[in-house]
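Quick notes on the structure that follows.
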Amino acid sequence: MPGSSSDEPIVLTITEAAARLGIHRQTLRAAIERGDLRAVRVGRRWLIPVAAIDELLGGHRAGA
């Protein structure tokens with residue numbers, strides 16, 4: 001099962017994902033709104049799959 005073999009989360013919040021990418025939260029939110037980055041809205045929170053960040057970066061791991 002993905003994510004079960006390590007302590008790395010499978011989803012990140014907007015703040016966590018922006019920090020991992022080294023960009024501002026608003027820049028990340030704009031990418032989500034444009035459809036450049038997959039994300040799921042749960043209530044008022046956005047959750048971004050780590051796999052979606054990897055896809056955005058063309059397979060390169062963010063923060064690695």
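Residue indices begin at 1 and follow the sequence shown.
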Let me have the donor-acceptor pairs involving side chains of residues 29-36, under 3.5 Å, with sequence neighbours excluded, atom names and distances please.
from : atom 1 : to  : atom 2 : distance (Å)
R34  : NE     : D36 : OD2    : 2.7
R34  : NH2    : D36 : OD2    : 2.9

Would you be so kind as to tabulate the donor-acceptor pairs closer than 3.5 Å made by side chains of residues 37-47, with sequence neighbours excluded?
from : atom 1 : to  : atom 2 : distance (Å)
R38  : NE     : E55 : OE1    : 3.4
R38  : NH2    : E55 : OE2    : 3.2
R41  : NE     : G43 : O      : 3.1

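- Across every non-hydrogen atom of V50 and P9, the tightest pair is CG2-O, 3.2 Å.
- Expressed to the nearest 0.5 Å, how far CG of L28 lies from CZ of R20 amounts to 12.0 Å.
- In this structure, CG in L56 is found 11.0 Å from CD1 in I48, a value given to the nearest 0.5 Å.
- With values rounded to the nearest 0.5 angstrom, I14 atom CD1 is found 11.5 Å from H24 atom NE2.
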